[in-house]
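Notes follow the structure.
Indexing begins at 1, ligand by ligand and atom by atom, following the structure's order. Keep in mind the model is a prediction, meaning the values are calculated, not measured.
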Amino acid sequence: MLFSELPLANPLQRAVRAVGYKKPTPIQERSIPSLLEGRDLLGIAQTGTGKTAAFALPILQRLLDSGKFRAPKTCRALVLLPTRELAIQVEDCFKQYAQFTAISTACIFGGVSDASQKRNLVRGVDVLVATPGRLLDLIGQKAVSLKALEFFVLDEADRMLDMGFIHDIRKVVALLPPVRQNLFFSATMPDDITKLAATILRPDPVRVEVAPQSTPIERIRQELYRIDKRRKGALLKELLLAHPEMTKVLVFSRTKHGADKITRVLEKAGVKCAAIHGNKSQNRRQEALGNFKNEKIRVLVATDIAARGIDVDDVSHVFNYDLPDVPETFVHRIGRTARAGKDGIAISFCAPDEEQDLRAIEKLTRIRIPEGDKAIYEKLPPPQKETAESEMRNARGRMNRGEAQARAEKSREKKPACGLTPKKDERRAEQKHTDPRLREGDVRPENGMPRHKHRRNRPGSRARKRMRENGGYSTTL
Ligand code: AMP
């Protein structure tokens, strides 16, 4: 089937041609005709299958057909998504597909000021893409109402539930008018998602299931480097410097700290890069992602959670700097390359203590990953000696929180000032009495610095309490 065979209006056909789509993907082929008839849809599909166009194109067509107009502070179609990144991505798609029409779009999400978002809603919008929290917030402020809604899309439902949005979703659904067309998408359908779908969809929805993108894995060229974890940074740097064809590189790190460390190594080597993970502000994450998409930076370093659902075209190489504990995660990671019929290369680093993870991955994918060019090892500097502190940090990356706490406690018993000699400890203990900024008890046990130097460390602060509970770690792993 070709797009031209679908009953889509000229402006939409033009937009599809402009974005370069020729044939509908399976989910598009199976969803678009039923959605154009006004049926509800239950879509079991992941990002990467073309599901956004599968719902956006028929919604746009029906908005064009209905002949209604948007009223102030209302929207006609609402798409709910769990994260800001996904919301922006989906709104971008709507904008592209609606570029030759007068249909308006807006995107609202938390973590930023709501002033401009409210301004965009004053005259009403046709398509509103939103995250649940900010939507409810703006509904509460009477900046937008759902009373004129015609189309409701709940996307990434399983992630919504994972992220604890169930109550917000229920609140939003309670505000929807009874007559509407509903589209519900989820990558998986456990019981709680099936129940949620039943509360939203009309009886007998069209069910479209698209197998997760596991087939392309054969198309991805893979390489494995067995390497000591202390030399991974040098190996990554060496490979990037030796291969200029690695133009759009996604590097996966197991921990947030690890991601920052990798960017420091690469920046030092003059490689343009940025990291995205949960400790970065929304703005920084968005900026990093934008720069990566526009190829202003060559390497994006991400943790699995930060990278979930992020859709970047033409990733040339995926690096598994650390192997994931869950083998399925490996498949998701490397599926970021070799998209839409293109080739892609996935390079995995395996430290001796990751051999078990490697075996699980090879078993799941039924592929034995071939080893890369061994000559590269010769170019690497000898490994640096690991400090007690970095050893602890690395270990934390592989442990659950309980183990990490136990280990931190044990380590503190052995050497009270992690990595410091007793002499330095004594000096710091003395400083405690001379530093005018200190109050009684205001000494950070690890390094003797005043605890309240930062606001989060002031006595009685929640962060400080959490730190005490976490055995000295300011963030969870
Ligand atoms: P999605 O699953 O909606 O996140 O889409 C994944 C990627 O596939 C996006 O980059 C889309 O632009 C692209 N895409 C969607 N539909 C098609 C199509 N029919 N032909 C080629 N690429 C497509």
Notebook entry, point to check: Is there at least one pair of N or O atoms, one from Gln28 and one from ligand 1, spaced under 3.5 Å apart?
Noted result: yes

Notebook entry, point to check: Within the structure, does Lys22 bring an N/O atom to less than 3.5 angstrom of an N/O atom in ligand 1?
Noted result: no

Checklist line | Leu239 vs Phe319 side-chain heavy atoms within contact, under 4.5 Å | finding: yes

Next item on the list: Check whether any side-chain heavy atom of Leu323 sits under 4.5 Å from a side-chain heavy atom of Ser348, and report yes or no.
Entry: yes

Just jot down the ligand 1 atoms closer than 4.0 angstrom to any heavy atom of [X], in number order.
X	result
Thr52	1 (P), 3 (O), 4 (O)
Thr49	2 (O)
Phe3	19 (N)
Lys23	18 (C), 19 (N), 20 (N)
Gly50	1 (P), 2 (O), 3 (O), 5 (O), 15 (C)

Next item on the list: Assess Arg14 against Phe100: is NZ or CZ under 6.0 Å from the centre of the six-membered ring, and within 45 degrees of the ring's axis?
Entry: yes

Check: Are the aromatic ring centres of Phe252 and Tyr321 under 6.0 angstrom apart?
Finding: no

Check: Gln89: heavy atom below 4.0 Å from ligand 1, yes or no?
Finding: no

Margin query: As a test of understanding, state which of Arg359, Arg226, Arg254 forms a salt bridge (charged side-chain N to carboxylate O under 4.0 Å, His left out) with Glu354.
Written below: Arg254

Next item on the list: Look at the aromatic rings of Tyr225 and Tyr377 and report parallel, tilted or perpendicular, splitting at 30° and 60°.
Entry: perpendicular

Notebook entry, point to check: Out of Tyr21, Phe55, Phe185, Tyr97, whose heavy atom sits nearest atom 22 (N) of ligand 1?
Noted result: Tyr21

Notebook entry, point to check: Between the side chains of Asn291 and Glu287, does any donor sit under 3.5 Å from an acceptor?
Noted result: no

